[in-house]
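A quick write-up on the structure given underneath.
Since this is a predicted model, take the numbers as computed values, not measurements. Reckoned from all heavy atoms, side chains included, excluding hydrogens, waters and symmetry mates.
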Amino acid sequence: MSDEGYCTITEAPKPPKPDGPPYAECVLCREPTEYPESYKGITMCPTCEWQEAQRSACSG
């Protein structure tokens, strides 16, 4: 039995990096993110992004 395709994680496309402030707030901790304030969608700071990736990573 092959494990290929058993646990696939796809990365969402990242928005373009802003040239400077204002930055969007993290939806979890409200710290500034790397995303421009005009970005639509869920924005998380690098720390919360990493923690969320750890929580949703395959455990098997």
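Take Glu31 and apply the salt bridge (charged side-chain N to carboxylate O under 4.0 Å, His left out) test, not counting sequence neighbours, and it matches no residue. Partners of Glu52 according to the side chain to side chain donor-acceptor pair (under 3.5 Å) rule, which considers only residues two or more places apart in sequence or in another chain, are Arg55.
By the rule that hydrophobic residues join a cluster once side-chain heavy atoms approach within less than 4.5 Å of another member, Trp50 and Leu28 end up as members of separate clusters.
In terms of heavy atoms, Cys45 sits closest to Cys29 at SG-SG, 3.7 Å.
Rounding to the nearest 0.5 Å gives a distance of 9.0 Å between OH of Tyr23 and CD of Glu34.
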Take Thr33 and Met44 through the test side chain to side chain contact (heavy atoms under 4.5 Å, CB included) and record every step on the way to the result. CA-CA 6 Å; Thr33 66; Met44 288 191 269; 5.6 Å; no
